[in-house]
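For reference, the structure discussed in these notes is given below.
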There are 2 protein chains.
Amino acid sequence: MTSDQLSRTFAALADPTRRAMLQRLSRGPATVNQLREPFRISGPAVSKHLRVLEDAGLVVTSRDGQMRPRTLAPDALDPVRDWTEKMRHTWEARHDALATYLIEIQDTPVNERTAS
Amino acid sequence: MTSDQLSRTFAALADPTRRAMLQRLSRGPATVNQLREPFRISGPAVSKHLRVLEDAGLVVTSRDGQMRPRTLAPDALDPVRDWTEKMRHTWEARHDALATYLIEIQDTPVNERTAS
DNA sequence: GCCATATATTGCCAATTGGTTATATAACCA
DNA sequence: TGGTTATATAACCAATTGGCAATATATGGC
């Protein structure tokens with residue numbers, strides 16, 4: 001992992017087990033054992049996944065007796081949205097400009113066109 | 001990589017060099033050497049990054065003489081947006097319901113409250 | 001056909017990842 | 001205090017990753 005926050009977040013999301021855990025958490029807080037239940041993986045494997053999610057800022061841990069319930073922290077998804085939407089916007093701006101240009105030259109007789 | 005498409009896409013985005021390449025491509029197609037230029041990495045490293053991006057469906061390759069220009073394929077970002085927005089929506093729906101409940105019990109005198 | 005340019009493939013390496021079992025810690029319960 | 005439950009940490013392993021240098025392939029120009 002390249003240690004920058006956005007890379008950590010994308011990497012945390014690049015695993016189906018972790019994404020399933022996040023989806024479970026989107027419906028409300030859950031204990032480690034609740035998060036483990038849908039999978040056939042060991043406790044330590046769950047702990048490791050949760051560590052990755054916490055390092056990415058996607059979940060936070062609290063304490064309730066001997067349990068350490070996790071809660072989703074959806075604000076950590078904002079940089080993901082911002083980055084992808086910026087990509088899309090740059091791409092679309094370029095294509096809008098291209099479309100405008102194509103319409104312009106279409107409406108201009110060849111002998112009136114100027115190099116721009 | 002867990003071999004499902006969404007994981008491949010997230011993993012492709014989890015590297016700052018690859019994200020920078022995508023940002024370059026969002027301003028228009030580019031050759032391998034153009035994509036390489038901002039970095040101090042070898043040609044093969046660039047090829048590998050581009051392979052990852054192509055496997056994720058984020059770029060497509062064409063041919064122009066001896067060059068193989070890459071073009072952004074921004075539709076591959078849609079599943080990323082869909083997944084994250086669904087997460088957010090589930091979370092917010094739950095919190096809207098909680099807020100409604102809190103307002104309800106606030107407006108109801110204690111002795112009129114019923115277990116729901 | 002020959003050379004230069006653009007890019008890909010191969011073989012290698014160190015670091016990271018996702019999993020395991022065994023062990024430790026922490027809190028509740030009797 | 002001792003036992004049980006919930007979770008974390010340690011130590012290890014195989015697979016994957018991101019990088020490199022060396023080599024191969026493909027195309028255009030002479």
Side-chain angles (χ1 to χ4, degrees), chain A residues 1-25 28-72, chain B residues 1-25 28-72:
Chain A
M1 201 135 349
T2 329
S3 88
D4 68 293
Q5 188 62 27
L6 188 52
S7 295
R8 268 196 296 270
T9 305
F10 275 124
L13 296 172
D15 180 285
T17 303
R18 285 195 292 266
R19 286 199 305 278
M21 289 174 171
L22 289 175
Q23 281 179 317
R24 166 63 187 82
L25 289 174
T31 69
V32 173
N33 274 333
Q34 286 169 341
L35 290 169
R36 172 188 186 172
E37 190 264 343
F39 309 103
R40 300 234 261 78
I41 63 179
S42 64
V46 177
S47 278
K48 281 197 186 178
H49 280 308
L50 291 173
R51 182 80 147 68
V52 172
L53 291 171
E54 201 156 359
D55 286 350
L58 286 161
V59 311
V60 294
T61 305
S62 49
R63 185 176 272 284
D64 174 15
Q66 30 194 339
M67 276 116 41
R68 284 168 175 76
R70 301 315 208 271
T71 304
L72 184 66
Chain B
M1 201 134 352
T2 329
S3 89
D4 69 292
Q5 189 63 25
L6 188 53
S7 295
R8 268 195 295 270
T9 306
F10 275 124
L13 296 172
D15 180 285
T17 302
R18 284 194 293 266
R19 286 200 306 278
M21 287 174 171
L22 289 175
Q23 280 179 319
R24 166 63 187 81
L25 288 174
T31 69
V32 173
N33 274 334
Q34 286 169 342
L35 290 168
R36 173 187 185 173
E37 190 262 343
F39 309 102
R40 300 235 259 77
I41 63 179
S42 65
V46 177
S47 277
K48 279 198 187 178
H49 281 308
L50 291 173
R51 182 79 146 71
V52 172
L53 291 172
E54 201 156 0
D55 286 349
L58 286 161
V59 311
V60 294
T61 304
S62 49
R63 184 175 273 284
D64 174 14
Q66 31 195 340
M67 276 117 39
R68 284 166 176 77
R70 301 315 208 271
T71 304
L72 183 66

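Just so it is clear: chains get the letters A, B, ... in the order the sequence lines come, proteins before strands, and each one is counted from 1. Heavy atoms only: backbone and side chains are in, while hydrogens, waters and symmetry mates are out.
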Q. Side chains of A:Met21 and A:Val46: closer than 4.5 Å at any heavy-atom pair?
A. yes

**Q.** Nucleotide nearest A:Lys48 (side chain, heavy atoms from C-beta), chosen from D:dC12, C:dT9, D:dA6
**A.** D:dC12

Q. In whole angstroms, how far is the P atom of C:dT17 from the CG atom of A:Leu50?
A. 16 Å

(Q) By the 4.0 Å heavy-atom rule, please label A:Ala45 as base, sugar-phosphate, or nothing. (A) base

Q: Would you mind telling me which of D:dT7, C:dA8, C:dA6 lies closest to the side-chain atoms of B:Ser47?
A: C:dA8

(Q) Starting the side chain at C-beta, find the nucleotide from C:dA8, D:dC20, D:dA6 nearest to B:Ser42. (A) D:dC20

Q. Between D:dG19, C:dG18, D:dA10, which nucleotide has the shortest distance from any of its atoms to the side chain of B:Thr17?
A. D:dG19

Q: List the atom of B:Pro69, the atom of B:Asp64, and the distance in Å for their closest heavy-atom pair.
A: CD-N, 3.8 Å

Q.
Just the rounded figure in Å: distance from C1' of D:dG18 to CZ of B:Arg19.
A. 15 Å

Q. Can you check the B:Arg18 CZ to D:dG19 P distance for me, whole Å?
A. 8 Å

Q: First locate atom CG of B:Leu13, then atom CZ of B:Arg19, and finally report the distance between them rounded to the nearest 0.5 Å.
A: 7.5 Å

(Q) Counting only side-chain nitrogens and oxygens, does A:His49 get under 4.0 Å of the OP1 or OP2 atom of C:dT17? (A) no

Q. Within this structure, what is the CD1-to-C1' distance between B:Ile41 and D:dG18, rounded to whole angstrom?
A. 9 Å

Q. Does some side-chain heavy atom of B:Arg70 sit less than 4.5 Å from a side-chain heavy atom of B:Val32?
A. yes

Q. Between D:dT7 atom P and A:Glu37 atom CD, what is the distance in whole Å?
A. 13 Å

(Q) At under 4.0 Å between heavy atoms, how does the protein contact nucleotides 23-30 of chain D? Give one character per nucleotide, 5' to 3', with B, S or -. (A) ---SBS--

Q.
Once you apply a heavy-atom cut-off of 4.0 Å, does A:Arg36 come out as touching a base, just sugar-phosphate, or nothing?
A. nothing

Q. Has A:Asn33 got a side-chain N or O lying under 4.0 Å from the OP1 or OP2 atom of D:dT5?
A. no

Q. Which nucleotide, in any strand shown, forms a Watson-Crick or G-U wobble pair with C:dA30, with both distances under 3.5 Å?
A. D:dT1

**Q.** Flag side-chain contact, heavy atom, 4.5 Å: B:Glu37 against B:Asn33
**A.** no

(Q) What is the distance, to the nearest angstrom, from the CZ atom on A:Phe39 to the P atom on C:dT20? (A) 12 Å

Q) Going by heavy atoms in the side chains, are B:Lys48 and B:Val52 under 4.5 Å from each other? A) no

Q: Would you indicate which nucleotide in D:dG19, D:dA8, D:dA21 comes nearest to any side-chain atom of B:Pro44?
A: D:dA21

Q: For B:Asp4 and B:Ser7, indicate whether the former's side chain and the latter's backbone hold a donor-acceptor pair under 3.5 Å.
A: yes

Q) Of A:Asp15 and B:Pro69, whose closest DNA chain C nucleotide lies nearer the 5' terminus? A) B:Pro69

Q) What is the distance from CG of A:Leu13 to C1' of C:dT17, rounded to the nearest Å? A) 16 Å

Q: Check whether any side-chain nitrogen or oxygen of B:Arg51 sits under 4.0 Å from OP1 or OP2 of D:dG18, and answer yes or no.
A: no

Q. Among B:Arg18, B:Glu54, B:Arg36, whose side-chain hydrogen bond (donor to acceptor under 3.5 Å, both in side chains) with B:His49 holds?
A. B:Arg18

Q) Separation of A:Met67 atom CE from C:dC29 atom P, in whole Å? A) 10 Å

